[in-house]
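Each remark here refers to the structure printed beneath this line.
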Amino acid sequence: MGNTTGGRNARNKGRYWAAFLILALLVLVFLILSICIGTVNIPLSEIPRILGKNGGDDTYTDIVMGIRFPRAAAAGILGGGLALSGYLLQTFFHNPIAGPFVLGVSSGAKLAVGAVMIFGMKLWGHVPFGAVMTAAFVGAMLCASFVMIVSRKIHSMAMLLVVGMMIGNVCSAATDFFVTFAKESDIANLTSWSMGSFSAVSWGNLRICLAVIAVCLLLCLLLAKPIGAYQFGEHYAASMGVNVRRFRAALIGLSCLLAACVTALVGPISFVGIAVPYMTKKLLGTAKPMAVLPGCFLLGGVFCMACDWIARTAFSPTELAISTVTAFFGAPVVIVMALKRGGGHR
């Protein structure tokens, strides 16, 4: 019996590491594609020179280091953070269809950021990114808190999702209302941001987001065992010594911080937080948090990097909104997930 269990564990670990290796290679592949392919194609042979001390062609260097590299890096880092946010919300609500976009968390962050950017620009002419991220976190927490209050009165997850979508619609309408008060010179950027876009990412803002997401990922890994216990129910988690109230607060706080970080920099992005955790569990063949958490981060990065590359190059020089592409690939995954979940209750 012990040998059988040990052999199964060894096979599972082998599968996990193989999946992580494949995902890491895909990150590298899409990073190279994102850097090299676009309106101006850059030879692969130029990349080592550009990244080296001597530098390459000045035009190529400006394109890669000023535009494409930070954009691709942002898609990988923020995509991973958004997938983690979705996984934490799904754990909190015990439902795989929960996510920051569906439950209105991203829309709350979008509303707060839109208000701060519009009125801050009017009053001071410039809004620090730290203030934008703080506003996004406050907006996300307010919407998440409202959903949590409603969840105590509504025990149907389907109705809770409807409430979340209504919150999202209200917040989006309010954001559009605020946009009417923006200066004409800012409307184009605000409209692009509100639809989701990695085009305006800078190294400075990306470093702040990287630091926040790295800390959140570390905290998530430290919470892996409590998450595993919580998956069996609150009573089981409590019997294993988990302080359920603090644990639930940590889940919501981390999820909102991750969603706020993404929304503040690139705007709301749909379906990543729902589809990626589901695909990760299928890829790894397990729901164990210690495997799913890093898997979610890597697959979320691959998913967003691929979608951003398609958004940028499919109809070049016209660029698609990132949510258009993530919805195109993510929505079918959610439909399949919903059908399988519905089939399981028959």
Side-chain angles (χ1 to χ4, degrees), residues 17-83 129 188-189 192-193 195-211 213-214 261-262 265-267 269 271-272 275-276 279 283 294-330:
W17 285 111
F20 295 155
L21 178 60
I22 291 171
L23 291 174
L25 289 174
L26 286 174
V27 167
L28 180 60
V29 167
F30 282 109
L31 179 62
I32 292 172
L33 288 175
S34 297
I35 289 175
C36 293
I37 298 177
T39 306
V40 176
N41 291 327
I42 297 175
L44 185 60
S45 59
E46 283 290 321
I47 303 304
R49 298 193 189 99
I50 293 171
L51 299 179
K53 293 182 179 180
N54 297 328
D57 181 273
D58 288 343
T59 302
Y60 289 161
T61 300
D62 290 342
I63 292 172
V64 170
M65 300 306 295
I67 302 173
R68 292 185 185 174
F69 196 2
R71 178 171 180 159
I77 294 166
L78 300 181
L82 196 56
F129 183 68
N189 290 333
S192 176
W193 168 84
M195 295 176 66
S197 174
F198 291 100
S199 60
V201 172
S202 68
W203 283 115
N205 293 345
L206 181 58
R207 289 189 189 99
I208 297 173
C209 290
L210 174 59
I213 291 174
C261 189
V262 175
L265 188 57
V266 299
I269 302 176
F271 289 99
V272 177
V276 171
M279 292 189 293
L283 175 66
C296 259
F297 186 80
L298 285 170
L299 185 55
V302 170
F303 186 81
C304 273
M305 290 176 78
C307 289
D308 182 58
W309 178 65
I310 292 170
R312 186 170 58 82
T313 61
F315 299 99
S316 181
T318 301
E319 183 174 318
L320 299 174
I322 184 64
S323 283
T324 302
V325 185
T326 56
F328 182 82
F329 291 106

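For the residue pair F20 and P294, the shortest heavy atom distance occurs at CZ-CG, 3.9 Å. Across G79 and V272, no two heavy atoms sit closer than the pair O-CG1, 4.0 Å. Taking each heavy atom of S199 and E319 in turn, the nearest pair found is CB-OE2, 4.0 Å.
Listed for the W309 side chain is no donor-acceptor partner under 3.5 Å among the backbone atoms of L31. Between the side chain of T324 and the backbone N or O of L320, no donor-acceptor pair lies under 3.5 Å. In this structure, S316 contributes its side chain and T313 its backbone to no donor-acceptor pair below 3.5 Å. A donor-acceptor contact shorter than 3.5 Å links the side chain of R312 to the backbone of I37.
Counting heavy atoms from C-beta outward, R71 and S34 have side chains that stay 4.5 Å or more apart. Residues I213 and F297 are in side-chain contact: their nearest non-hydrogen atoms beyond the backbone lie under 4.5 Å apart. Residues L298 and V302 are not in side-chain contact: their nearest non-hydrogen atoms beyond the backbone lie 4.5 Å or more apart. Looking only at side-chain heavy atoms (C-beta outward), L23 and V27 stay at 4.5 Å or farther from each other. Two residues are said to be in side-chain contact when any heavy atoms from C-beta on lie closer than 4.5 Å; N41 and C36 fail this criterion. Annotation: side chain of C304 is not in contact with side chain of L78 (no heavy-atom distance under 4.5 Å). Side-chain contact between V276 and F271 is absent, with no heavy-atom pair separated by less than 4.5 Å.
The CD1 atom of I77 sits 8.5 Å away from the SG atom of C209 when rounded to the nearest 0.5 Å. The CZ atom of F303 lies 10.0 Å from the CD1 atom of I269; values are rounded to the nearest 0.5 Å. Between atom CZ of residue R68 and atom CG of residue D308 there is a gap of 11.5 Å, rounded to the nearest 0.5 Å. Residue I47 holds its CD1 atom at 9.5 Å from CZ of F69, rounded to the nearest 0.5 Å. In this structure, CZ on R207 lies 13.0 Å from CZ on F129, to the nearest 0.5 angstrom. In this structure, the separation between CG on D62 and CD1 on I67 is 8.0 Å, given to the nearest 0.5 Å.
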Please walk me through it: do I322 and C307 pass side chain to side chain contact (heavy atoms under 4.5 Å, CB included)? CA-CA 7 Å; I322 184 64; C307 289; 3.8 Å; yes
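Sparse packing is recorded around CH2 of W17, with 12 or fewer heavy atoms of other residues, nucleotides or ligands lying under 6.0 Å away.
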